[in-house]
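A short worksheet on the structure shown next.
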Amino acid sequence: MQAIAVLQGNELIYMEIQNIIERIHDEVKPLSAYGKVADYIPALKNVNPDQLGICVQTLDDKTFGVGQCETPFSIQSISKVFGLTLAYKALGGEIWQRLGKEPSGTAFNSLVQLEYEKGIPRNPFINAGALVISDIILSRYKFARRELLEFVRDVSGDARVDYNEDVARSEREHGYRNAALAYLMKSYGNIHNPVEDVLDFYFLQCSLEMKTTSLAKAFLYLANHGVVPFSGKQILTPSQAKRLNSLMITCGLYNEAGDFAYRVGLPGKSGVGGGIVAIIPKKLSICVWSPALNAFGNSLAGIEALERFTTYTKVSVF
Ligand code: GLN
């Protein structure tokens, strides 16, 4: 068991992270029985819901894990953070000409707002926004598939991260709502590449598979003013990293973002594969994975685990 030093206010406290996540694991694991795995993507519907992995990765390179923390899972919408990072790196604030920065208050795959708001998605984390981001990446990166994968391998330090082409194909075959969103935006001129190419790239991005340990590590640049701590590479400027974290607080969990902020108090991003990653600036990142989802499409046990983590450690951004 390792203990790490965490600065809280003016007081230096020592927490036994491993003990805390083991306790949380045992407490919240039974909750997975009350959720439901995402079945609208056929390739995901056979995942065993009774799984829970938690990994905490500190900026000073300590890793704490429990449960299925080394099992690769479909990161789905968590990948939107990587996509946004690449688009933001390439275009800076220009991306906001094509999408907003406001919480949507609607489901991640909702179509209703998009018509009223003339094809401009509310934010980059709902599906419509992530499709615009995919379009930007296709325009700005010549080898988009390869460059995205290399980027994720680089920031996670895990060369085995890969796309799952079966999951991408499965979603492609059933992704009618995403196709509807993309075509609607195309009609407003907010998709520049062929819709089919944008959808292919978006589904591929969502199909990335990672384990909680790699995903927690991959988010460290967001906890560290845009710099990957173990390589020293500057991914985003400190200001861009701040803004991306702010977007995760307000929009990272879609129409459950307010409740998540209230309960957990951290910037976070979820995916329908059951993963959630959250960061504590200048300290650590934490990834939880439990595939059974609540009605908002977010991991039921995952949110509970994160709420308990900030409650038991008394550390959040507030
Ligand atoms: N690939 C999924 C979709 O487009 C991602 C959604 C999610 O993880 N919330 O529906």
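Remember, it's 1-based here, ligands and their atoms both numbered in the order they're listed.
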Given 3.5 Å as the limit, does a donor-acceptor pair link the side chain of Asp135 with the main chain of Asn193, or not?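 Yes, the answer is positive, given that a donor and an acceptor are paired below the 3.5 Å cut-off.
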Find the distance between CZ (Arg172) and CG (Leu204) and round it off to the nearest 0.5 Å.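 Answer for the CZ-CG pair, Arg172 versus Leu204, is 11.5 Å.
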Can you tell me how far the CG atom of Leu84 sits from the CD1 atom of Ile133, to the nearest 0.5 Å?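 That separation rounds to 5.0 Å.
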Proximity of Phe82 and Phe219 rings by center, below 6.0 Å: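 Yes, the ring centres sit under 6.0 Å apart.
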For the residue pair Lys29 and Glu304, establish whether any side-chain heavy-atom pair is separated by less than 4.5 Å.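 Of all side-chain heavy-atom pairs linking Glu304 with Lys29, none is under 4.5 Å.
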Any Lys/Arg nitrogen of Arg146 or Glu150 sitting under 4.0 Å from an Asp/Glu carboxylate oxygen of the other?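 So Arg146 pairs with Glu150 through a salt bridge.
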N/O pairs closer than 3.5 Å, ligand 1 and protein:
{"from": "ligand 1", "atom 1": "1 (N)", "to": "Gln76", "atom 2": "OE1", "distance (Å)": "2.5"}
{"from": "ligand 1", "atom 1": "1 (N)", "to": "Glu171", "atom 2": "OE1", "distance (Å)": "2.8"}
{"from": "ligand 1", "atom 1": "1 (N)", "to": "Glu171", "atom 2": "OE2", "distance (Å)": "2.7"}
{"from": "ligand 1", "atom 1": "4 (O)", "to": "Asn127", "atom 2": "ND2", "distance (Å)": "3.0"}
{"from": "ligand 1", "atom 1": "4 (O)", "to": "Glu171", "atom 2": "OE2", "distance (Å)": "3.0"}
{"from": "ligand 1", "atom 1": "4 (O)", "to": "Asn178", "atom 2": "ND2", "distance (Å)": "2.9"}
{"from": "ligand 1", "atom 1": "4 (O)", "to": "Tyr202", "atom 2": "OH", "distance (Å)": "2.6"}
{"from": "ligand 1", "atom 1": "8 (O)", "to": "Ser77", "atom 2": "N", "distance (Å)": "3.1"}
{"from": "ligand 1", "atom 1": "8 (O)", "to": "Ser77", "atom 2": "OG", "distance (Å)": "2.6"}
{"from": "ligand 1", "atom 1": "8 (O)", "to": "Val272", "atom 2": "N", "distance (Å)": "2.8"}
{"from": "ligand 1", "atom 1": "9 (N)", "to": "Ser77", "atom 2": "OG", "distance (Å)": "3.0"}
{"from": "ligand 1", "atom 1": "9 (N)", "to": "Tyr254", "atom 2": "OH", "distance (Å)": "3.0"}
{"from": "ligand 1", "atom 1": "10 (O)", "to": "Tyr40", "atom 2": "OH", "distance (Å)": "2.6"}
{"from": "ligand 1", "atom 1": "10 (O)", "to": "Asn127", "atom 2": "ND2", "distance (Å)": "3.2"}
{"from": "ligand 1", "atom 1": "10 (O)", "to": "Glu171", "atom 2": "OE2", "distance (Å)": "3.4"}

